[in-house]
Amino acid sequence: MDIIQPVRGTSDLLPADKAKHNHVIETAKQGAAQFGYAEMATPMFEFTEVFSRPLGASSDVVAKETYSFEDRGGTGLTLRPEGTASAMRAIISNGLTQSLPQRWFYAGPMFRYERPQKGRMRQFHQIGCELIGPASPFGDAEIIACGVHILKSLGVLEQTVLHLNTLGDSDSRQAYRTALIAYLEAYRNDLSEDSQRRLDTNPLRILDTKSASDKDILQDAPQLHRYLTPAAQTHFEAVKEALQAASIAWVDDPFLVRGLDYYSHTAFEFITDQLGAQGTVLGGGRYDGLAQSLGGPLLPAVGFAAGIERLALLGEEQAQPVPDLVLLAAEQSAEAAIFALGCQLRTDGYHVVSMLSGNMGKKMKAANKLGARFALIAGADELGRNCVSLRNMQDGTQTEVEISVLGNWLAQQR
RNA sequence: GCGGGUGUAGCUCAGUUGGUUAGAGCGCCAGUUUGUGGUACUGGAUGUCGCCGGUUCAAAUCCGGUCACUCGCCCCA
């Protein structure tokens, strides 16, 4: 078709879709609020450095996969590809490092220039929680518990499995990284093409490979947990103990990794097998190094984000609100009086929708489609007697009611 | 960025080895019902066969390109 299309990777949220999104957002917001997380919002674009600096060596990701542009003043700006960096920037630029901890919830659109797939749009939407300040392992546990609580509230928890790993502190990770590279170098030529490249760019991500032969090679690879410093080990044990005490089930996943240096300790993902390759529904972890990479102080923090589209795909359809009344003028001369009556009824708290086009048959049909409880019908006939007809759309009974007692009549029907 | 699949009515989809006027269901419109929906029956309209080009007497059908969707890879902050 030659008609105008939405931009690739974007889509309209028609009322049924938007209702599902809103349900996800409202449920998550409420769940997060029970943990003390308050909703906030950052701008949808930032200076490009907010996203490029933390990525360091991998900053070609920003170059290739963000919507970056210069504004009219020549300033480099980027549409946010995620929420965490902006949240941390907001902590620093608002001087909130003196007012910790901060518990934040946010929801909104994010932008990534990627090949679209199901549950993976170029403009997509995320909810997220960030706990900034505490270094305690109970912070990690709290964030995970908050994710569990939200997924449970949405009725999708049982469709997911919680994968858990630790990345240790930076000493642990340095030591492990060296050992892993040394081991894999011996098999360099047997690795998949992708993994050979990753061996140079981002060796930890080889653990996340989809190649079967790579997985065979990884069978005997060094394990991260053997390289944990005592402090890192203690932290992870405490997180697990807390989860266990709260009866939160997980599977240990030593191959769950993060590529960037500012991550540390806990990493987790709630994964489903029902969305194809886009299996991660909610993911997060500790990112103690992020604030420093943004030029701030060392600031412990842990958080998660979840894709609203994916949660909506797993969740149920949401019912649209049903009007209490629909208004039908039998003839044009009655429209103004009916209009005024409708406005009064809305003031009284009723959900009232006008049927504006077509003959009586059409209006009734439209009213029926909306699922309205009552049709309020009036023509010169009724109005001459200061009355309106009220038709019960369920059983088809119709009664004439004096306008002066309409409020009482409706109240009795509740 | 790379590879596979798909694109026909508003929606879900048929359409044979290329062949004359491109179909079904749902939805939509009209009527049975001149101030009244749902159910039923009757009738009606659906359309640049994604787009551009090529092969052919002839293309929805075959070929090439392109765009979009989709599945997977890369990436996943």
Side-chain angles (χ1 to χ4, degrees), chain A residues 1-11 46 48 50-66 78 80-88 110-121 124 126 128 192-195 197-198 201-202 205 208-211 256-263 267 269 275-280 283-285 287 289-290 293-294 303 305 307 326 328-334 355 358-372 374-383 388-398:
Chain A
M1 256 174 288
D2 207 15
I3 54 176
I4 194 156
Q5 297 290 322
V7 172
R8 181 165 161 83
T10 68
S11 69
E46 299 272 355
T48 294
V50 171
F51 306 111
S52 63
R53 282 172 64 175
L55 267 65
S58 322
S59 64
D60 56 322
V61 174
V62 163
K64 286 179 186 157
E65 304 199 14
T66 56
T78 293
R80 63 180 183 194
E82 55 119 12
T84 304
S86 303
M88 190 55 86
M110 309 290 167
F111 307 85
R112 297 182 187 182
Y113 189 83
E114 297 182 294
R115 182 88 175 242
Q117 287 178 34
K118 194 186 202 71
R120 182 178 175 168
M121 300 281 115
F124 62 104
Q126 284 190 331
S192 67
E193 217 175 296
D194 286 328
S195 287
R197 184 170 37 75
R198 280 184 285 220
T201 59
N202 203 341
R205 288 217 64 90
D208 206 18
T209 186
K210 305 224 167 137
S211 152
L256 176 62
V257 289
R258 296 277 125 96
L260 301 178
D261 284 341
Y262 61 73
Y263 284 108
E269 293 184 359
L275 294 178
Q278 270 59 55
T280 299
Y287 51 96
L290 178 60
S293 71
L294 284 170
V326 291
L328 287 84
E331 60 264 350
Q332 214 177 346
S333 61
M355 300 291 105
N359 54 27
M360 283 293 283
K362 268 190 141 171
K363 287 176 176 172
M364 284 299 289
K365 220 167 190 172
N368 189 60
K369 207 175 276 181
L370 290 177
F374 290 98
L376 188 157
I377 305 164
D381 241 19
E382 288 95 335
L383 292 175
V388 293
S389 292
L390 280 157
R391 184 178 181 84
N392 183 318
M393 297 297 283
Q394 265 103 61
D395 59 24
T397 57
Q398 188 165 326

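Naming convention: chains lettered A, B, ... in sequence-line order (proteins, then strands); numbering from 1 in each chain. Source: prediction; values computed, not measured.
Within 4.0 Å (heavy atoms only), G283(A) reaches no atom of the nucleic acid at all. Residue contacts shown for T280(A) are absent, as no nucleic acid heavy atom lies under 4.0 Å away. The residue Q126(A) sits apart from the nucleic acid: no heavy atom pair falls under 4.0 Å.
For the pair R205(A) and A77(B), the criterion of a side-chain N or O lying under 4.0 Å from OP1 or OP2 is met.
Protein atom CG of L390(A) is 17 Å distant from nucleotide atom P of G37(B), rounded to whole Å. The CG atom of N392(A) sits 13 Å away from the C1' atom of U36(B) (whole-angstrom rounding). Separating the CZ atom of R258(A) from the P atom of C76(B) is a distance of 11 Å, rounded to the nearest angstrom. Here the P atom of nucleotide A77(B) and the CZ atom of R112(A) are 7 Å apart, to the nearest Å. Atom CG in L260(A) sits about 12 Å away from atom C1' in C75(B), given to the nearest Å. Following rounding to the nearest Å, M360(A) (CE) and G35(B) (P) show an atom-to-atom distance of 9 Å. Computed from coordinates, the D395(A) CG to G38(B) C1' distance equals 12 Å when rounded to whole Å. Taking atom CD of E331(A) as the reference point, atom P of U36(B) lies 12 Å away to the nearest angstrom.
Of the C1' atoms belonging to U6(B) and U61(B), the separation is 15 Å, rounded to the nearest Å. For the C1' atom pair drawn from U8(B) and A14(B), the interatomic distance equals 10 Å after rounding to whole Å. Comparing G25(B) with C41(B), their P atoms are spaced 12 Å from each other, to the whole Å. Separation of the C1' atoms belonging to G18(B) and C74(B) is 40 Å when rounded to the nearest angstrom. C71(B) and G27(B): their C1' atoms are spaced 30 Å apart (whole Å). Across G38(B) and C28(B), the matching P atoms stand 10 Å from one another, rounded to whole Å.
Checked by distance alone, N368(A) brings no side-chain donor or acceptor within 3.5 Å of a matching partner on the base of G38(B).
Of the candidates G37(B), U36(B), G35(B), G35(B) carries the atom nearest the D381(A) side chain, counting heavy atoms from C-beta on. Candidate nucleotides A77(B), G35(B), U36(B) were compared by shortest atom distance to the side chain of R391(A), and U36(B) ranks first.
A heavy-atom distance below 4.5 Å is found between the side chains of M364(A) and M393(A). In this structure, R391(A) and L328(A) have side chains that are not in contact, with every pair of non-hydrogen atoms separated by 4.5 Å or more. Using a 4.5 Å heavy-atom threshold, the side chains of R112(A) and P81(A) count as touching.
Here D194(A) pairs with R197(A) under the side chain to side chain donor-acceptor pair (under 3.5 Å) rule; sequence neighbours left out. Under the side-chain contact (heavy atoms from CB on, under 4.5 Å) criterion, R115(A) pairs with R8(A), not counting sequence neighbours. Applying the side chain to side chain donor-acceptor pair (under 3.5 Å) criterion to Y287(A), with sequence neighbours excluded, gives E130(A). Under the ring pair (Phe, Tyr, Trp, His ring centres under 6.0 Å) criterion, F374(A) pairs with W409(A), not counting sequence neighbours.
Of all non-hydrogen atoms in L256(A) and A267(A), the two that sit nearest each other are CD2-O, 3.5 Å.
Under the Watson-Crick or G-U wobble criterion, with both distances below 3.5 Å, C29(B) is paired with G43(B). When both distances must be under 3.5 Å, the Watson-Crick or G-U wobble mate of G7(B) is C67(B). Applying the Watson-Crick and G-U wobble criteria (two distances, each under 3.5 Å), C73(B) pairs with G1(B). Within the shown strands, G23(B) is the pairing partner of C13(B) under the Watson-Crick or G-U definition, both distances less than 3.5 Å.
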Every protein N/O lying under 3.5 Å from an N/O of nucleotides 72-74 of chain B:
from	atom 1	to	atom 2	distance (Å)
G72(B)	OP1	A277(A)	N	2.7
C73(B)	OP1	K210(A)	NZ	3.0
C74(B)	N4	R120(A)	NH1	2.9
C74(B)	N4	R120(A)	NH2	3.3

Could you list all N or O pairs between the protein and nucleotides 26-32 of chain B that sit under 3.5 Å apart?
from	atom 1	to	atom 2	distance (Å)
C28(B)	OP1	K369(A)	NZ	2.5

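Where A378(A) and V257(A) each meet RNA chain B at their nearest nucleotide, the meeting point lying more 5' is that of A378(A).
At least one donor-acceptor pair under 3.5 Å links the side chain of S52(A) to the backbone N or O of T48(A). No donor-acceptor pair under 3.5 Å is formed between the side chain of R120(A) and the backbone N or O of G9(A).
In E193(A), the CD atom is not crowded: 12 or fewer heavy atoms of neighbouring residues, nucleotides or ligands sit closer than 6.0 Å.
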